[in-house]
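Note sheet for the following structure.
Proteins get letters first, then strands, A, B, ... in listed order; numbering begins at 1 in each.
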Amino acid sequence: MPELPEVETVRRGLARVVGLTLTRLEQRRPDLRIPLPSDFAKQLEGRRLEGVDRRGKYMLWRFSGGPVLIVHLGMSGTLILRDGPRAPELHEHVVFTFSDGTTLAYQDPRRFGLMTLTTADNASQHRLLADMGPEPLGNEFNGPVLAAALKGRKSPLKAALLDQRLVAGLGNIYVCEALYRAGLSPERLAGTLRGPAVERLAQAIKAVLTDAIAAGGSSLRNYVQASGELGYFQHRWAVYGKEGERCPGCSPTARCRVQRVVQSARSTFYCPRTQT
DNA sequence: CTTTCGTCCTGACTGC
DNA sequence: TGCAGTCAGGACGAAA
């Protein structure tokens with residue numbers, strides 16, 4: 001499930017087609033979460049892909065002349081780069097062909113992802129992006145900023161960090177991992193955190209995301225896997241999905257095990273001994 | 001205003 | 001083996 005590190009990895013992988021002209025856009029299934037307009041292809045064909053930016057879990061594909069394609073991979077979205085034309089596979093909803101013959105397919109079985117068009121002038125004010133919180137890896141995100149965002153919040157820390165208005169780009173996995181690294185219980189009420197703990201949490205968020213991006217970058221072949229898929233790399237998580245296992249920070253003799261609890265109808269994994 | 005919950009979707013998995 | 005049921009989750013919008 002693509003969160004900020006995976007989306008960043010995809011963004012970097014798309015460098016291969018940046019600078020190329022989009023020669024053909026095939027809408028194979030227009031009923032995405034936000035339906036694609038019927039003239040979608042016409043609006044983009046013939047334009048050069050000038051660059052790909054990222055905001056939280058969104059990508060912004062900037063085309064020459066002003067159009068910006070906002071792309072979100074949702075739960076199950078992937079992008080597949082191929083050297084040339086090939087028979088599309090199941091759930092490839094949109095296929096882009098570039099001037100050198102490279103094709104880029106957007107595949108999304110569950111269709112929680114979306115693509116929608118805006119313009120360079122309006123992109124930052126687009127309703128999908130306007131209320132988004134700070135980029136966690138930027139200088140604009142730090143302990144005091146996080147403290148201000150958490151102040152007065154009565155929801156559990158887990159739920160607060162999933163709110164994209166508070167900080168951009170975290171999902172279920174990296175919230176669990178960041179709370180583990182900060183040694184904070186996901187069930188603590190967000191508004192009760194004090195200075196040092198907030199600082200630890202802000203640093204843990206940065207560290208977890210930075211490490212995950214580095215893991216994607218270090219296995220560079222995975223930017224474009226043998227299958228052509230972009231953006232999924234294996235990552236060793238400390239607690240996510242590790243119910244019943246010992247967390248890395250507990251001694252071999254410790255009896256405690258990673259617990260799974262359900263918060264806001266989502267699984268949370270944490271170590272009850274090291275996260276308080 | 002804040003917080004929670006239902007909804008969308010399909011593949012993978014579980015259990016009878 | 002087959003099939004029904006359950007689960008996974010990002011983000012919106014409705015409800016509390």
Side-chain angles (χ1 to χ4, degrees), chain A residues 1-11 28-36 54-60 70-80 88-94 105-116 118 125-133 135-136 146-179 186-193 205 209 212 227 229 231-232 234-235 237 239-244 258-270:
Chain A
M1 43 253 40
E3 301 181 25
L4 188 153
E6 289 80 16
V7 176
E8 177 61 20
T9 302
V10 171
R11 189 192 73 76
R28 305 190 63 247
R29 178 157 189 170
D31 57 333
L32 304 183
R33 188 147 64 85
I34 296 180
L36 297 171
R54 183 188 56 73
R55 181 76 176 94
K57 300 174 199 172
Y58 290 91
M59 278 179 286
L60 292 90
I70 299 177
V71 179
H72 193 295
L73 298 174
M75 265 292 297
S76 56
T78 56
L79 291 167
I80 302 170
E89 292 170 16
L90 197 59
H91 304 306
E92 291 187 5
H93 306 313
V94 183
Y106 167 68
Q107 182 186 49
D108 187 3
R110 280 176 238 187
R111 289 192 287 133
F112 276 23
L114 65 85
M115 288 190 168
T116 191
T118 183
Q125 294 309 309
H126 193 280
R127 63 176 187 88
L128 293 171
L129 308 174
D131 295 330
M132 194 166 288
E135 281 295 318
L146 180 58
L150 293 176
K151 192 178 179 189
R153 285 246 177 187
K154 293 194 169 66
S155 63
L157 263 182
K158 169 74 186 310
L161 293 177
L162 285 173
D163 187 340
Q164 302 296 298
R165 292 170 301 185
L166 199 142
V167 56
L170 297 177
N172 206 37
I173 293 171
Y174 293 106
V175 167
C176 290
E177 294 295 309
L179 287 170
E187 311 212 82
R188 274 180 70 162
L189 294 188
T192 65
L193 277 202
I205 289 169
L209 296 176
S227 63
E229 276 183 37
Y232 287 97
Q234 296 300 317
H235 192 68
W237 295 307
V239 288
Y240 183 82
K242 303 284 188 184
E243 182 181 16
V258 172
Q259 285 193 4
R260 186 181 81 96
V261 295
V262 175
Q263 296 179 284
S264 323
R266 299 282 179 265
S267 288
T268 299
F269 298 88
Y270 75 109

Inset, instruction - Report the C-alpha distance between Arg111(A) and Asp31(A) in whole Å, list the side-chain angles of each, state the deciding distance to 0.1 Å, and finish with yes or no for side chain to side chain contact (heavy atoms under 4.5 Å, CB included). - result: CA-CA 9 Å; Arg111(A) 289 192 287 133; Asp31(A) 57 333; 3.3 Å; yes

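- Rounded to 10°, the helix from dT2(B)-dA16(C) to dC16(B)-dG2(C) has 60° between the axis fitted to its first five pairs and the one fitted to its last five.
- If you check dT4(B), dT10(B), dC12(C) against the side chain of Leu128(A), the one that comes closest is dC12(C).
- At a threshold of 4.0 Å, the pair Glu3(A)-Lys57(A) does not count as salt-bridged, since none of the basic side-chain nitrogens sits closer than that to a carboxylate oxygen.
- Under the 4.5 Å side-chain criterion, counting only non-hydrogen atoms from C-beta, Leu166(A) is in contact with Leu146(A).
- In this entry the distance linking CG of Leu73(A) with C1' of dT10(B) reads 17 Å, nearest Å.
- For dC8(B), neither phosphate oxygen OP1 nor OP2 lies less than 4.0 angstrom from any side-chain nitrogen or oxygen of Arg111(A).
- Along DNA chain B, the nucleotide nearest Lys154(A) and the nucleotide nearest Arg29(A) are compared for position; the residue whose nucleotide lies closer to the 5' end is Lys154(A).
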Inset, instruction - At under 4.0 Å between heavy atoms, which parts of nucleotides 3-10 of chain C does protein reach? Answer with one letter per nucleotide, 5' to 3': B base, S sugar-phosphate only, - none. - result: -----BBB

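- When each of Met115(A), Glu6(A), Met59(A) is tested with Leu73(A) by the rule side chain to side chain contact (heavy atoms under 4.5 Å, CB included), just one qualifies, namely Met59(A).
- Atom-to-atom, CG of Asp108(A) to C1' of dA11(C) comes out at 14 Å; the value is rounded to the nearest Å.
- Of the side-chain N and O atoms in His91(A), none sit less than 4.0 angstrom from OP1 or OP2 of dC9(B).
- At a threshold of 4.5 Å between non-hydrogen side-chain atoms, the residues Leu36(A) and His93(A) do not count as touching.
- Going from atom NZ of Lys158(A) over to atom C1' of dT3(B) covers 15 Å, rounded to whole Å.
- Between the CG atom of Leu189(A) and the P atom of dT2(B) there is a distance of 16 Å, given to the nearest Å.
- Minimum heavy-atom separation, Leu90(A) to Gln107(A): O-NE2, 2.8 Å.
- Between the CG atom of Leu114(A) and the C1' atom of dA11(C) there is a distance of 9 Å, given to the nearest Å.
- One atom, CD of Glu92(A), and another, P of dT10(B), lie 16 Å apart when rounded to the nearest Å.
- Counting heavy atoms from C-beta on, the side chains of Tyr240(A) and Asn172(A) come closer than 4.5 Å.
- Rounding to the nearest 0.5 Å gives a distance of 12.0 Å between SG of Cys176(A) and CZ of Arg266(A).
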Inset, instruction - Test side chain to side chain contact (heavy atoms under 4.5 Å, CB included) on Arg55(A) and Glu135(A) and set out the steps. - result: CA-CA 7 Å; Arg55(A) 181 76 176 94; Glu135(A) 281 295 318; 2.9 Å; yes

